[in-house]
Participant: 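One structure coming up, written as structure tokens, with questions to follow.
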Amino acid sequence: MAKIYRGTKGNLQFLAQRLRAGELVAVPSETVYGLAADALSASACRKIFRAKGRPPSDPLIVHVGSVGQAGSVAELSDAARQLMRKFWPGPLTMVLPKKPAVPEVVTSGQPSVAIRMPAHPLFLKLLAETGTPLAAPSANPFGYVSPTTAQHVQDGLGKRIKYILEGGASEVGVESTIVDLRDPRRPRLLRPGKITKADLERVLGVKVELVPTPDSTAAMLAPGMMLRHYSPHTPVIAHRKLSLKRALSGDAREAWVFLTRPAAAKAAKNIFGWAETSSSRQVAHNLFALLRKLDGQSWKNIHVEYAQRGGLGDAINDRLTRAAAKTGTRAPHKGRGKGLSI
Ligand code: AMP
Ligand code: MG
């Protein structure tokens with residue numbers, strides 16, 4: 001099993017030294033926990049792919065501790081600098097032309113690199129202590145639900161890694177927004193997150209193109225954008241709106257996750273709520289922890305209710321659509337299928 005370290009000065013110095021020596025350390029961030037390695041070392045980054053079982057075609061996000069460090073790994077356009085000023089440190093990843101210092105394994109051979117400055121204070125301290133940018137995808141076996149606590153990392157990767165930094169439950173709870181800024185005049189939203197398309201448009205002063213969820217598992221609009229992802233082992237069925245009547249009268253071995261748990265569900269053991277209120281902030285914060293918990297409880301199916309549309313709700317619904325996607329099937333589309341479109 002991996003050892004879980006509290007964020008003391010001595011522990012941070014030790015973990016930074018392990019990172020500089022080319023080892024992997026799982027780190028807390030405000031989005032989800034990441035599995036970090038020295039981003040400038042190809043051999044260290046290869047270990048990330050091995051530990052996660054991640055295909056080499058899925059590039060890694062490089063985390064930086066300063067704008068100066070960002071400039072050492074990517075070409076920074078004015079648009080990129082504007083977004084950094086407004087949203088960093090924070091859950092916004094930018095895809096930019098890469099600098100030669102970044103090994104090919106990090107970017108899956110592409111001339112672009114994805115970069116972000118995380119907001120979690122311990123991650124920032126570790127970056128400062130290590131002195132090198134850190135490549136870090138989510139710290140989970142590839143394709144499974146992302147981890148939002150140190151224990152989640154232990155559960156999924158504890159046998160494959162040695163070091164986990166404890167930083168509490170991830171505040172946001174879903175992965176960063178990814179914006180493609182390779183052409184700063186034509187920004188594209190590759191992955192929805194807490195920073196919304198409207199937030200980006202307000203700062204950039206141009207329209208941001210929405211890259212839709214791909215409509216088959218094979219389709220990949222950008223590297224790593226597989227349809228089925230973030231998926232529990234138990235089948236997930238996503239609904240625009242859940243019916244309490246149907247949940248109460250159905251098979252007791254099916255779980256139902258409402259936006260908030262209906263009071264009329266009384267003591268029914270198979271009825272849950274994402275959060276105390278229907279606020280997307282709360283739903284996102286609890287999303288992956290509840291999916292993981294239910295996945296450990298041998299339900300036949302997990303029925304889930306989509307979040308309210310817009311803002312962070314769109315990011316939640318993107319993850320739920322992917323969690324519910326079956327390998328080799330088509331994704332739900334607006335106006336097609338029953339209750340599944342978002
Ligand atoms: P994560 O699993 O949260 O680390 O997400 C990493 C994701 O960032 C990948 O799956 C890609 O969708 C995206 N990404 C990383 N690097 C690039 C890149 N150079 N170009 C386009 N997308 C990228
Ligand atoms: Mg991931």
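Computation of the quantities below employed the complete heavy-atom set of this structure, encompassing side-chain atoms and omitting hydrogens, waters and symmetry-equivalent molecules. Just so it is clear, the structure is predicted and the values come from calculations on it, not from any experiment. One-based numbering along the sequence shown. Both ligands and their constituent atoms are indexed starting at 1 by order of listing.
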Participant: Provide the number and element of each atom of ligand 1 under 4.0 Å from a heavy atom of S112.
Facilitator: 18 (C), 19 (N), 20 (N)

Participant: Which of the atoms in ligand 1, numbered in the order shown and given with their element, are less than 4.0 Å from a heavy-atom of I178?
Facilitator: 7 (C), 8 (O), 13 (C)

Participant: Regarding R202 and D199, does a basic nitrogen lie under 4.0 Å from an acidic carboxylate oxygen?
Facilitator: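 Looking at R202 and D199, the cut-off is met.
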
Participant: With heavy-atom distances below 4.0 Å as the criterion, list the atoms of ligand 1 near D58.
Facilitator: 9 (C), 10 (O)

Participant: Let me know which of V95, V179, T93 forms a side-chain contact (heavy atoms from CB on, under 4.5 Å) with L190.
Facilitator: V95

Participant: For ligand 1, find out whether one of its N or O atoms is nearer than 3.5 Å to an N or O atom of E175.
Facilitator: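 By distance alone, the answer is no.
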
Participant: Below 6.0 angstrom between ring centroids: does that apply to H152 and Y33?
Facilitator: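 No, the ring centres sit 6.0 Å or more apart.
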
Participant: With the threshold set at 4.0 Å, does a side-chain nitrogen-carboxylate oxygen contact exist between K125 and E129?
Facilitator: no

Participant: Within the supplied structure, the quantity of interest is the number of heavy atoms (other residues, nucleotides, ligands) at a distance under 6.0 Å from R20 CZ; does it exceed 12?
Facilitator: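 Counting neighbours around CZ of R20, more than 12 heavy atoms of other residues, nucleotides or ligands fall under 6.0 Å, so yes.
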
Participant: Taking only non-hydrogen atoms of R191, do any sit less than 4.0 angstrom from ligand 1?
Facilitator: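 Under 4.0 Å: yes for R191.
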
Participant: Going by the order shown, which atoms of ligand 1 are within less than 4.0 Å of some heavy atom of P59?
Facilitator: 6 (C), 9 (C), 14 (N), 15 (C), 16 (N), 17 (C), 18 (C), 23 (C)

Participant: Report, in ascending order of atom number, the atoms of ligand 1 lying under 4.0 Å from any heavy atom of P137.
Facilitator: 4 (O)

Participant: Check this for me: does any side-chain nitrogen of one of R191 and E175 sit under 4.0 Å from a carboxylate oxygen of the other?
Facilitator: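 Between E175 and R191 there is no salt bridge, as every charged N stays at least 4.0 Å from the carboxylate O atoms.
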
Participant: Check L60 against ligand 1 and report side chain, backbone, both or neither, counting heavy atoms closer than 4.0 Å.
Facilitator: backbone

Participant: Closer than 2.8 Å to the Mg ion (ligand 2): does that hold for any N, O or S atom in N140?
Facilitator: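 So N140 does not count as coordinating the Mg ion (ligand 2).
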
Participant: Please compare Q110, R54, H63 and report which has the shortest non-hydrogen distance to atom 6 (C) of ligand 1.
Facilitator: R54

Participant: More than 12 non-hydrogen atoms from neighbouring residues, nucleotides or ligands closer than 6.0 Å to NZ on K47, yes or no?
Facilitator: yes

